[in-house]
Each structure stands twice: as structure tokens, then as C-alpha cells.
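Shown next, in C-alpha cells, is the structure this report addresses.
All heavy atoms count here, side chains included; hydrogens, waters and symmetry mates do not. Every chain is numbered from 1 and lettered A, B, ... according to where its sequence line falls, protein lines coming before strand lines. Quick caveat, the model's predicted, so the values are computed rather than measured.
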Number of protein chains: 2
Amino acid sequence: MDPRRLLIFREVARAGSISAAARALGWTQPAVSQHLRALERETGCALLLRGAGGVELTEPGRALLTRADAVAAHLHMAEQEMAALTTLQRGTVRLAAFPSAAATLVPRAVAGLRRRHPDLDVTLAEAEPPEAVALLEEGAVDLALVFGYDDEPVGPAGLVWLPLGEEPVHLVLPPDHRLAQRRAVAPADLAEEPWVVGCPRCREHAVLVCAGAGFEPQVRHVSDDYVVVQNLVAVGLGVALLPRSALEAYRHPQVVVRESAAWGTRTFGVLHREGAPAVPATAAALRELVGLASG
Amino acid sequence: MDPRRLLIFREVARAGSISAAARALGWTQPAVSQHLRALERETGCALLLRGAGGVELTEPGRALLTRADAVAAHLHMAEQEMAALTTLQRGTVRLAAFPSAAATLVPRAVAGLRRRHPDLDVTLAEAEPPEAVALLEEGAVDLALVFGYDDEPVGPAGLVWLPLGEEPVHLVLPPDHRLAQRRAVAPADLAEEPWVVGCPRCREHAVLVCAGAGFEPQVRHVSDDYVVVQNLVAVGLGVALLPRSALEAYRHPQVVVRESAAWGTRTFGVLHREGAPAVPATAAALRELVGLASG
DNA sequence: ATCAGATCAAAGCACTGCTTATGATCAGGG
DNA sequence: CCCTGATCATAAGCAGTGCTTTGATCTGAT
């Protein structure tokens with residue numbers, strides 16, 4: 001049964017005559033008449049009795065009108081919902097972000113988003129880049145904030161990479177460390193030090209930096225929690241490399257931070273599935289993140 | 001929002017890919033693709049993310065799918081109901097009938113109808129022809145069993161008259177009446193008798209018959225209930241004319257009935273609104289009545 | 001009696017909408 | 001590593017749906 005004909009029939013029932021319904025629909029009378037004829041042919045019974053002065057529903061017609069009303073109601077609700085979603089009066093954005101972004105960039109972005117669009121919901125999953133990509137691929141999140149050290153972390157096919165910025169990596173030393181007094185510290189100075197490293201990609205970066213200075217770091221402790229890392233360093237258990245955002249999110253009062261281009265930089269940005277920004281809520285979140293990173 | 005597109009979208013969501021939906025619908029892939037594009041243009045947001053290996057719903061898509069399912073469900077129920085109504089597994093026929101038909105023809109017709117179509121409902125309103133026509137015109141009944149004495153009781157425009165038969169009118173005399181012994185009784189013999197008459201049209205008929213014999217009847221009692229009429233006659237309060245069906249429905253054990261062409265005949269049949277037999281249940285009832293009257 | 005309203009019917013044309021053809025991208029297998 | 005087969009989109013063309021136009025009938029009201 002053609003649902004459009006059902007709605008035309010509903011309009012006829014509402015208007016009380018075929019002509020009136022045609023006027024309401026902006027059509028001519030025969031157009032509506034033909035649709036009704038087709039509907040009656042489909043259903044196999046008369047839906048309305050035609051007479052001068054209008055039209056009157058039969059029993060099947062009354063039964064069908066009930067259904068037509070239900071269909072029209074759901075259609076109307078669908079339109080309302082779609083309108084709410086496109087005007088950002090409703091919707092959910094699901095984010096995944098690596099820990100230091102989850103502590104710095106994301107809260108600011110969420111705050112801005114809620115200010116502009118109070119009815120949007122945001123959910124956040126903290127995840128290191130590989131897991132974030134996995135969440136993205138399985139459709140568990142809409143946007144994934146990820147980072148990469150040297151090459152950009154472009155994921156598998158179907159994912160779009162949008163760089164947001166670059167941040168320096170800093171050296172973190174214990175407060176009473178022998179190098180803490182030195183004005184400049186080079187990678188080669190740390191060949192004999194015990195190391196505290198983070199997630200696999202961060203560890204890989206540390207190894208690469210050390211390899212550039214001709215040695216392999218002695219990894220003593222592993223933690224992807226930058227608070228844990230700084231506490232380990234603070235009590236003298238090793239040295240560490242941490243990106244600026246991690247130190248921005250939490251700065252242990254006693255550790256010594258040394259800045260140098262030698263420690264490299266880290267690129268961070270958003271990953272999303274192709275076409276995802278066509279969802280208004282996702283696009284709004286994306287705009288918010290881009291605005292924060294650039295502005 | 002075009003409801004057909006909604007259903008196409010639903011099929012795509014169900015099938016998991018545009019191509020699969022196109023196969024299910026018996027169309028080509030671009031046809032479905034174009035509909036989806038149009039739907040997304042209408043709603044203003046992406047409903048699904050296209051990827052190799054199929055398609056995945058976005059948040060608006062999931063919301064819309066819920067509505068699409070509801071629309072499809074109501075559409076399906078509508079089809080089921082229409083099928084039930086056309087196959088007479090459901091439906092109601094509302095009858096109006098004059099008293100003696102309500103006591104004879106209609107019960108037989110209803111019995112036959114219920115035997116053939118046990119799920120049909122029948123309602124009956126007893127009404128003399130003028131009220132029956134009124135019920136028909138105001139849409140309170142589907143079929144009206146009416147009678148007429150001389151001219152056929154064709155009602156106002158828009159009503160169709162279907163004659164079912166003709167029945168003789170008989171003279172009803174008290175058991176101890178002076179004429180009860182006579183072999184032949186003519187209208188002129190009753191010039192001095194008191195009369196018991198029925199409904200306005202029946203009374204009019206009696207008056208016409210008497211006028212043909214040159215006198216005006218002395219109407220003493222009026223009742224459109226043929227049981228009452230016969231009881232009045234039985235105790236000698238007057239003579240009466242009753243149609244055969246009234247005497248068939250109830251025959252007072254003591255009254256004397258005399259048959260003669262002089263008492264005239266009565267035509268009875270069904271009136272219905274134009275197009276009413278296009279409703280299956282109405283048509284079935286009509287067939288039943290015609291079958292009973294002719295067979 | 002005429003007019004205004006309703007209806008149906010037939011014929012014509014325009015536009016929607018499906019098909020065909022093509023190209024791009026991605027996953028899996030030899 | 002390339003090839004095959006799957007997905008998608010886009011563009012162009014044609015056909016058929018479906019709307020309009022026109023004309024006629026009928027009812028009810030002025």
C-alpha cells in the first residue's frame with residue numbers, strides 16, 4: 001500500500017470532500033480522485049461514498065483513517081526529531097581522547113559546546129590512540145582525539161585525519177638530579193639514566209630520541225598515567241619525557257622540566273569516519289575542537 | 001518527508017547496504033542511492049555512513065529508523081485490516097427494516113450471513129420506511145428494508161432501490177364477525193365497520209382501498225404493531241388489513257383471514273446509498289437478502 | 001431556470017524517478 | 001603484488017507515473 005495515497009486519503013477524510021482536499025494539497029481535483037481510486041483498487045473495497053456535497057467514510061474507510069492518522073503522526077514526529085537534530089537542539093557526540101587531551105583540550109571543548117548548544121549530550125572515553133581508533137572503527141565513538149610523534153597517525157582507510165596542532169615534548173627530571181642544575185641537557189647526557197616511559201607509542205618515541213644520541217634507554221618503569229610518571233620521577237626513580245599538555249594538566253611541584261627541541265614534538269588532532277561531519281552534532285563538536293586549537 | 005523514502009531507508013538499514021536493499025526492492029543500486037540522498041537533503045543531516053562493505057547508521061539515522069519501523073508497522077496493520085474486511089473475515093452491516101420484515105426475512109438473512117461469514121457483525125434497527133430512509137441518509141445504517149404500496153418507495157437522490165418482492169395484503173376479521181362466514185368479502189362490505197389501521201402508509205393504503213369501494217373507513221384504532229392489531233381485531237374491535245409477512249410473523253389463533261386481490265399488494269425491497277455495495281460486508285448482506293427473496 | 005458545487009472520465013504532457021553506464025575506493029585471494 | 005569482486009557515487013537518458021486540462025453529469029440552492 002502506497003503510504004502517500006494513505007496520507008492523501010487522510011486529507012480527503014479531514015477536508016470532507018475530494019475537491020477541498022485537492023485545494024489543501026495544492027493539486028487539482030482529478031489528481032486526488034485518481035489516487036483514491038487507486039487506493040480503493042488496492043484495498044479491494046470502497047473507502048468512501050461519493051455524493052454531491054462531499055464524501056463520507058465507509059466502515060473500511062474509518063478503519064483505514066485510524067491507521068493513516070498513526071502514520072501521519074509518526075511522520076510528523078520523525079520530522080520534528082530530524083529538525084531538532086539538525087538545529088542542535090538534540091543530539092549526542094561520543095568522543096574518545098588520549099589522557100592528556102581528555103584533561104585539557106576536551107573539557108574546554110565540551111564546555112564551549114554546552115554553552116553554545118545546551119541540549120547536546122557529550123560522552124567521553126579516555127583511550128590511547130590505538131584503542132581510540134578501534135573505538136572509532138567499531139562505531140563506538142564519533143570523534144577520536146589522537147596523537148602521533150613523527151608521522152601523522154592516519155588510521156586505516158575510511159578514516160579522516162584532521163590535525164589540530166603540535167606540542168613540544170619536555171624532559172622531566174627528579175628535583176635533586178645531577179643534571180637539574182645544568183642549563184642545557186642533551187639526550188646523550190641521559191645514556192646511563194633509568195627511564196620512566198608511557199604508552200607504547202611514547203616509549204617508541206623515547207627510544208628513537210635516545211637512538212639518535214647513540215644509546216638505548218634503560219626502561220625501568222612503565223606507566224601511561226602522567227601523574228604516576230611524575231611521581232616516579234619526583235622520588236628519583238628515573239627520568240621521563242612528557243608532552244606539554246601532560247604537564248599542563250598536572251605538574252608535580254618538585255619535578256624539574258627542561259625544554260629543548262631535542263626531545264621532539266608531538267602532533268595531535270581528530271580522527272573521524274568519512275562523512276561523519278555531515279551529522280550536525282558531530283560537526284559542531286569538530287568545529288569546537290578546531291576553534292580551540294587554532295584560536 | 002516522503003514516507004516512501006522512509007521505507008526505502010528502513011530497507012537499507014535492514015539490509016545493511018544500499019546494494020542489498022536495492023536487490024531486495026527489485027531495483028538498481030543508484031535508484032536507492034538517489035532516494036537516500038534526497039532523504040538526507042530533506043532532513044539536513046547524514047543518516048548513514050557509507051563505506052566499503054556496507055553502510056552504518058548515524059545517530060539521526062537510528063532515530064529515524066525507529067519512526068520508519070513504526071510507520072511500516074502501521075502500514076502493515078492497515079493492509080491486514082483491509083484484507084480482513086474485503087475477505088469478510090471482519091466487518092459490520094447495519095440494517096434497518098420495517099417490523100414484519102424484521103421478524104421474518106431479516107432473521108433468516110442474518111442467519112445465512114453468519115453461517116457463510118461467521119465473523120461479520122450485523123446490527124438491526126426496526127423502523128418504518130420513512131425513518132429507515134432517514135437512518136440511511138444520515139449514515140446510521142447501510143441497508144434499509146422498506147416497503148411501498150403502490151409506487152415504489154424510491155427515496156431521495158443518491159439512494160438506490162432494489163425491489164425484493166411483492167406480497168399480498170389480507171383482510172383480518174374477528175372470529176365471530178358476520179362476514180367471517182361469507183365466502184367472498186369485498187371492500188364495499190366493510191363500509192360500516194370500525195377499522196384498525198397501522199402505520200401512516202398502511203393507513204393510507206386502507207383509505208385508498210375503501211375509496212375505491214366508495215366509502216371512507218371509520219378508523220377507530222391505530223397501531224403499527226401487527227400483534228396489537230390482531231388482538232384488537234380478535235376481540236371484535238374492528239377489521240384490519242395486514243400484509244402476508246405480518247401474518248406470517250404472528251398469527252392470532254382466533255382471527256379470520258380472507259385473501260383477495262381487492263386488498264392490494266405491497267412491494268418491499270432494499271434501499272442503499274449509491275456505491276454502498278462496494279463495501280464487501282454490505283454487498284454480502286445484500287446478496288443474502290436478494291438470494292432469500294428470489295430463491 | 002440558472003448557477004455553483006460536487007463528482008467522474010478521457011486525453012495529453014511534464015516531471016519524477018528508474019536504468020544504464022562509468023568511475024572511484026577498498027577488501028580479500030591467488 | 002595485482003587482480004577480482006564488493007561497495008559506493010555520478011551523469012545521462014528514457015519511460016512511465018501522475019498531474020493537468022477539458023468536458024460532462026448530477027445535486028442542491030438561489
Please list, in 5' to 3' order, the outermost nucleotides of DNA chain D lying under 4.0 Å from any heavy atom of chain A. D:dG18 to D:dT27

Partners of A:H74 by ring-ring contact (aromatic ring centres under 6.0 Å, His included), sequence neighbours excluded? B:H74

Residues passing the side-chain contact (heavy atoms from CB on, under 4.5 Å) test with A:L124, sequence neighbours excluded, are A:L95, A:A97, A:A102, A:V106

Salt bridge (Lys or Arg N to Asp or Glu O under 4.0 Å) filter on B:D119, not counting sequence neighbours, yields none

For B:R37, check salt bridge (Lys or Arg N to Asp or Glu O under 4.0 Å) against everything at least two apart and list the hits. none

Tell me every residue that passes salt bridge (Lys or Arg N to Asp or Glu O under 4.0 Å) with A:E42, counting only those two or more places apart in sequence or in another chain. A:R5

Quick one, give me the B/S/- string for nucleotides 22-30 of chain C, reading 5' to 3', where B means a protein heavy atom under 4.0 Å from the base and S means that only happens at the primed atoms, P, OP1 or OP2. ----SS---

Integer-rounded Å distance: C:dC8 C1' and A:I18 CD1: 9 Å

Residue pairs fulfilling salt bridge (charged side-chain N to carboxylate O under 4.0 Å, His left out) with at least one residue in residues 271-290 of chain A, sequence neighbours excluded: A:R116-A:E288, A:R273-B:E56

Using side-chain contact (heavy atoms from CB on, under 4.5 Å) as the criterion, list what pairs up with B:A31, not counting sequence neighbours. B:W27, B:T28

What does the list of N/O pairs under 3.5 Å between the protein and nucleotides 10-18 of chain C look like, with a distance for each?
| unit_1 | atom_1 | unit_2 | atom_2 | d |
| --- | --- | --- | --- | --- |
| C:dG17 | OP1 | B:R4 | NH2 | 2.8 |
| C:dG17 | OP2 | B:R5 | NH2 | 3.2 |
| C:dC18 | OP1 | B:H35 | NE2 | 3.2 |
| C:dC18 | OP2 | B:H35 | NE2 | 2.5 |

Among all residues two or more places apart in sequence or in another chain, which pass the side-chain contact (heavy atoms from CB on, under 4.5 Å) test with B:A72? B:L7, B:R10

Need one value for A:S17: base, sugar-phosphate or nothing, where a base atom within 4.0 Å counts as base even if backbone is also close, heavy atoms only. sugar-phosphate

Excluding sequence neighbours, so at least two apart, what forms ring-ring contact (aromatic ring centres under 6.0 Å, His included) with A:F98? A:F147

Carboxylate-amine/guanidinium contact A:R14 A:E11, below 4.0 Å: yes

Expressed as a whole number of angstroms, how long is the span from B:L25:CG to C:dT19:C1'? 15 Å

Short side-chain N/O contact from A:R50 to OP1 or OP2 of C:dA6, under 4.0 Å: no

